[in-house]
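It should be emphasised that the depicted structure is a prediction, and the values quoted were computed from it without experimental measurement.
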Amino acid sequence: MRIVAGPASQLLATRTAALLGCDIDLTDYKEFPDGEVYSRVTGEVTGNDIVIIQSTPTARDYIYLLQLIDACDEAKSLKVVIPYFGYARQDKRFNPGEPISSRAVARTINADQVFTINIHDRSVLAHFPCKAEDLNVAPEIGNHIESMKLHNPLILAPDDGALNLVKSAASLKGLAYDYLEKTRLSGTEVKIAPKNLDVKGRDVVLLDDIVSTGGTIAEAAKLLRVIGAKDVHLGCVHPVLVGNAVVKLYRAGIKSVISTDTLEKATSRISAAPIIAEALRK
């Protein structure tokens with residue numbers, strides 16, 4: 001097995017290769033003045049089992065992935081790991097004439113097998129033209145939260161849509177978990193509070209799959225402090241964190257931000273490499 005690292009997943013690919021004890025090929029990338037991109041795998045592709053690891057946070061990264069797949073067309077087998085699958089949130093047609101962008105993108109991935117990590121909507125997996133499996137990094141996040149030695153910790157989903165992620169992170173370590181529920185008190189007033197558990201005096205970790213602008217999480221953090229939370233931390237799988245999101249979160253009282261390396265940011269303290277390596281060994 002040989003690992004090919006896309007430009008958006010250099011560190012994660014290197015960590016995965018180290019766990020598997022396999023070679024990682026050097027790959028050249030550049031952009032032409034007209035905006036076109038170029039890539040070249042410098043290792044031996046023909047006749048080998050190849051694994052491409054490349055997240056697609058931008059359209060350019062998606063094009064790089066398509067180029068790498070085409071460059072490996074003479075491989076014995078080809079597996080593609082897309083740790084962060086861009087366009088996964090565009091999984092429905094809300095207005096006439098709109099594309100289902102996640103479907104449009106997934107249909108172009110031509111490989112023997114595809115792996116994603118905590119994809120935003122698992123229904124997208126059905127659109128890949130090959131076997132597709134979503135890997136779960138939440139237990140690794142739970143391990144890290146336990147190691148933080150928090151005071152009476154509580155892991156909170158920002159809404160019930162993220163409850164399964166939070167439950168998966170909390171369960172193996174026996175950590176308490178809940179989700180925030182909105183209750184409309186009047187036409188202008190909305191109450192937001194944990195559904196079942198009290199946060200007073202506890203360290204809270206807000207956990208979601210994707211944090212982009214940070215606005216919703218920032219508002220939740222402010223509210224948790226008002227209702228008595230001790231310290232509020234933020235965890236996420238995919239740290240998109242656009243613009244001034246990190247500053248916004250810290251200004252809202254978030255004490256620390258932790259994430260995985262599906263997107264390689266300063267907050268990436270947890271690696272998805274172990275779960276990728278485990279899946280590739282099967």
Side-chain angles (χ1 to χ4, degrees), residues 3 5-19 24 27 29 31 53-62 64-65 81-86 88-89 116-120 135-150 153 155-158 162 165-166 169 203-222 224-225 229 231-277:
I3 302 288
S9 299
Q10 299 273 295
L11 185 57
L12 179 54
T14 302
R15 288 169 172 167
T16 303
L19 289 174
I24 183 164
T27 313
Y29 305 101
E31 184 172 337
I53 302 179
Q54 165 72 346
S55 283
T56 56
T58 68
R60 181 178 63 179
D61 289 312
Y62 169 62
Y64 275 131
L65 176 60
V81 181
I82 313 174
Y84 172 75
F85 182 72
R89 289 178 285 183
T116 58
I117 296 176
N118 292 99
I119 194 166
H120 186 70
L135 307 178
N136 181 23
V137 76
E140 298 288 335
I141 299 175
N143 290 339
H144 184 87
I145 291 172
E146 185 191 43
S147 74
M148 293 168 67
K149 306 300 181 185
L150 302 177
I155 307 179
L156 273 181
L165 175 72
V166 167
D203 286 336
V204 175
V205 180
L206 284 163
L207 179 59
D208 208 352
D209 62 337
I210 300 171
V211 176
S212 184
T213 64
T216 300
I217 294 292
E219 290 305 312
K222 291 176 184 176
L224 288 168
R225 296 297 296 272
D231 286 325
V232 181
H233 303 261
L234 170 62
C236 66
V237 178
H238 309 295
V240 177
L241 298 175
V242 297
N244 62 357
V246 172
V247 174
K248 186 187 302 180
L249 291 166
Y250 280 102
R251 280 175 58 89
I254 295 285
K255 187 170 184 180
S256 69
V257 180
I258 56 171
S259 67
T260 79
D261 54 1
T262 59
L263 294 170
E264 295 169 3
K265 301 288 180 76
T267 59
S268 301
R269 304 180 194 178
I270 304 158
S271 183
I275 66 163
I276 296 173

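Within a 6.0 Å sphere centred on NZ of Lys248, other residues, nucleotides and ligands contribute more than 12 heavy atoms.
Residues meeting the ring pair (Phe, Tyr, Trp, His ring centres under 6.0 Å) test with Tyr64, sequence neighbours left out: Tyr29.
Pairing each heavy atom of Leu263 with each of Ser55, the nearest pair is CD2-CB, 4.2 Å. Nearest heavy atom pair, residue Ser271 against residue Arg15, reads OG-CD, 3.6 Å. A pairwise comparison of heavy atoms in His233 and Ser256 identifies ND1-OG, 2.6 Å as the closest pair. Nearest heavy-atom pair, Ala162 versus Pro158, reported as atom, atom and distance to 0.1 Å: CB-CD, 4.1 Å. The two residues Val232 and Ala229 make their nearest non-hydrogen contact at CG2-CB, 4.1 Å. Nearest heavy-atom pair across Leu135 and Ile276 is CD1-CA, 4.1 Å.
When atom types are taken as modelled, the side chain of Thr262 and the backbone of Val237 share a donor-acceptor pair closer than 3.5 angstrom. For Asp231 (side chain) and Asp203 (main-chain N/O), no donor-acceptor pair under 3.5 Å exists by modelled atom type. In this structure, the side chain of Ser9 does not engage the main chain of Leu12 through any donor-acceptor pair within 3.5 Å. For Gln10 (side chain) and Ala5 (main-chain N/O), a donor-acceptor pair under 3.5 Å exists by modelled atom type. Remark: the backbone N or O of Pro239 is paired with a side-chain donor or acceptor of Lys265 at under 3.5 angstrom. The main-chain N or O of Ala272 is never found under 3.5 Å from a side-chain atom of Thr260 such that the two would form a donor-acceptor pair. Using modelled atom types, no side-chain atom of His238 and backbone atom of Ile119 make a donor-acceptor pair closer than 3.5 Å.
Side-chain contact between Val240 and Pro57 is absent, with no heavy atoms from C-beta onward closer than 4.5 Å. Side-chain contact check for Leu224 versus Leu156: some heavy-atom pair is nearer than 4.5 Å.
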* Decide yes or no on side chain to side chain contact (heavy atoms under 4.5 Å, CB included) for Asn136 and Ile275, but give the supporting numbers first. => CA-CA 8 Å; Asn136 181 23; Ile275 66 163; 5.9 Å; no
* Stepwise side chain to side chain contact (heavy atoms under 4.5 Å, CB included) test for Ile210 and Cys236 -> CA-CA 6 Å; Ile210 300 171; Cys236 66; over 6 Å; no
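In this structure, the separation between CD1 on Ile155 and CG on Leu207 is 6.5 Å, given to the nearest 0.5 Å. Residue Ile258 holds its CD1 atom at 4.5 Å from CD1 of Ile270, rounded to the nearest 0.5 Å. Between Leu249 atom CG and Thr267 atom OG1 the span is 10.0 Å, to the nearest 0.5 Å. Note that OG1 of Thr16 and CD1 of Ile53 are 4.0 Å apart. Values are rounded to the nearest 0.5 Å.
Counted by atom type alone, His120 and Asp209 present one or more donor-acceptor pairs between their side chains at under 3.5 Å.
Tested against Val246, the residues Leu241, Leu234, Val211 include a single side chain to side chain contact (heavy atoms under 4.5 Å, CB included) partner, Leu241.
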